[in-house]
Amino acid sequence: MAVAVRIIPCLDVDQGRVVKGVNFAHLRDAGDPVELAARYEELGADELTFLDVSASKHGRSTMLDVVRRTADQVFIPLTVGGGVRSVNDVRELLRTGADKVSINTAAIANPELLRELAEVFGSQCIVLSVDARRTDAAHAPSGFEVTTHGGTTSAGIDAVDWSRTGAELGVGEILLNSMDADGTKGGFDLELLRAVRETVHIPVIASGGAGAVADFPPAIEAGADAVLAASIFHFGEVEIGEVKKALADSGYEVRR
């Protein structure tokens with residue numbers, strides 16, 4: 001039996017509010033995260049992702065209160081990321097109500113943290129968030145490099161190689177964010193998806209670029225196991241049910 005494709009609304013949270021912009025800039029308010037999370041559950045979302053988009057940049061911990069209030073009201077899986085640096089950070093988020101925790105900046109600084117987290121909490125709880133952008137730099141032979149701090153800083157490593165390393169260290173999923181496509185509504189970066197899919201055997205979540213219902217089936221064809229979107233869901237441009245119908249019509253298994 002085929003594994004169902006997951007539809008995941010992403011709530012980028014800044015100081016307790018959901019925000020959305022283009023290429024992580026020009027952010028505008030999109031609502032209360034707890035209210036949006038409850039609405040998405042009603043509309044048929046399979047999971048939710050909360051990303052504290054300013055946590056790493058400003059050295060703040062992820063907003064535990066928002067996570068706690070959401071977990072009290074919403075019962076689909078919740079992934080939380082942003083400012084996660086240690087075993088204790090992950091433990092606190094899981095105790096607060098997160099089902100999975102995504103790691104980005106701290107893992108780049110200390111890759112062995114991924115192995116430690118997978119061993120302590122299980123691979124199914126740990127997601128490696130890879131913020132990738134196109135480059136012709138020598139350190140990125142795949143043509144994609146890893147960035148940090150909302151796509152503003154090059155990490156100096158190849159994004160495809162880094163995804164492979166994360167899988168080898170024991171993470172359960174790759175959250176693959178195209179920083180070039182983020183917020184542009186021009187479609188997912190299919191080349192990036194294919195490159196990572198050829199390299200790893202764990203689930204890959206496509207993120208960045210969704211602008212229309214028609215953008216979703218090609219992402220699955222390119223190798224994604226789940227598709228994530230933000231602004232088109234937040235502002236009512238596309239409904240989750242429409243995405244599921246398009247995927248089902250394309251022959252992919254979805255949860256009804």
Side-chain angles (χ1 to χ4, degrees), residues 1-14 17-22 27-53 66-67 69-81 97-100 102 127 129 173-178 181-190 193 203-256:
M1 182 177 175
V3 176
V5 174
R6 290 169 288 148
I7 313 301
I8 307 174
C10 180
L11 289 77
D12 295 330
V13 180
D14 184 16
R17 298 289 292 180
V18 176
V19 296
K20 194 56 192 169
V22 177
L27 301 179
R28 58 174 172 155
D29 190 284
D32 176 74
V34 182
E35 292 177 2
L36 277 173
R39 175 169 159 263
Y40 286 136
E41 182 177 42
E42 292 177 0
L43 291 174
D46 299 300
E47 297 185 11
L48 293 167
T49 292
F50 277 2
L51 296 178
D52 189 337
V53 297
V66 171
V67 175
R69 289 190 294 119
T70 302
D72 286 342
Q73 296 188 36
V74 175
F75 302 100
I76 55 177
L78 174 63
T79 299
V80 183
D99 298 281
K100 294 182 278 190
S102 72
V127 179
S129 182
E173 289 185 317
I174 302 291
L175 174 53
L176 186 59
N177 310 300
S178 170
D182 177 75
T184 65
K185 302 181 184 178
F188 293 96
D189 191 325
L190 304 182
L193 281 167
V204 174
I205 304 167
S207 172
V213 171
D215 293 330
F216 290 86
I220 306 304
E221 183 180 0
D225 301 273
V227 281
L228 178 149
S231 61
I232 62 169
F233 291 150
H234 300 339
F235 300 115
E237 298 164 39
V238 171
E239 295 291 345
I240 293 168
E242 294 177 294
V243 175
K244 289 196 170 186
K245 182 179 186 303
L247 290 170
D249 288 347
S250 297
Y252 299 111
E253 184 76 20
V254 294
R255 296 186 180 97
R256 297 294 182 179

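When reading the values below, keep in mind they use all heavy atoms of this one structure, side chains included, and skip hydrogens, waters and symmetry mates.
- Closest heavy-atom contact between Asp215 and Phe188: O-CD1, 3.4 Å.
- Looking at every heavy atom in both residues, Gly97 comes nearest to Ala71 through CA-CB, 3.7 Å.
- When all heavy atoms are compared, the tightest approach of Ala98 to Val67 is N-CG1, 4.0 Å.
- Among residues two or more places apart in sequence or in another chain, the salt bridge (charged side-chain N to carboxylate O under 4.0 Å, His left out) test is passed with Asp249 by Lys245.
- Shown here for Val204 and Gly223, the closest heavy-atom pair between the two residues is CB-O, 4.5 Å.
- For the atom pair CG (Asp46) and OH (Tyr40), the distance works out to 14.0 Å, reported to the nearest 0.5 Å.
- For the atom pair Asp14 CG and Asp52 CG, the distance stands at 7.0 Å (nearest 0.5 Å).
- Considering only residues two or more places apart in sequence or on other chains, Glu221 meets the side chain to side chain contact (heavy atoms under 4.5 Å, CB included) condition with Tyr252.
- In this structure the side chain of Val238 reaches within 4.5 angstrom of the side chain of Phe233, judged on heavy atoms.
- The OG1 atom of Thr79 lies 7.0 Å from the CG atom of Asp99; values are rounded to the nearest 0.5 Å.
- With rounding to the nearest 0.5 Å, the separation of CG in Leu36 from CD in Glu41 is 13.0 Å.
- Minimum interatomic distance between Val74 and Leu48 (heavy atoms only, all atoms of both residues): CG1-CD1, 3.8 Å.
- Here the straight-line distance linking atom CD of Glu35 with atom OG1 of Thr70 works out to 10.5 Å at 0.5 Å rounding.
- For the atom pair CD (Glu242) and CD (Glu237), the distance works out to 11.0 Å, reported to the nearest 0.5 Å.
- Using modelled atom types, one side-chain atom of Lys244 and one backbone atom of Arg255 make a donor-acceptor pair closer than 3.5 Å.
- Between Val66 and Pro33, the shortest heavy-atom contact is CG1-CG, 3.6 Å.
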Ignoring hydrogens and angles, write down the donor-acceptor pairs under 3.5 Å from the side chains of residues 3-10, residues two or more places apart or on other chains.
| residue | atom | partner | partner atom | Å |
| --- | --- | --- | --- | --- |
| Arg6 | NH1 | Glu47 | OE1 | 3.4 |
| Arg6 | NH1 | Glu47 | OE2 | 2.9 |
| Arg6 | NH1 | Glu173 | OE2 | 2.7 |
| Arg6 | NH2 | Glu173 | OE2 | 2.6 |

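- When the options Asp189, Thr49, Asn177 are evaluated for a side-chain hydrogen bond (donor to acceptor under 3.5 Å, both in side chains) with Ser207, the one that passes is Asn177.
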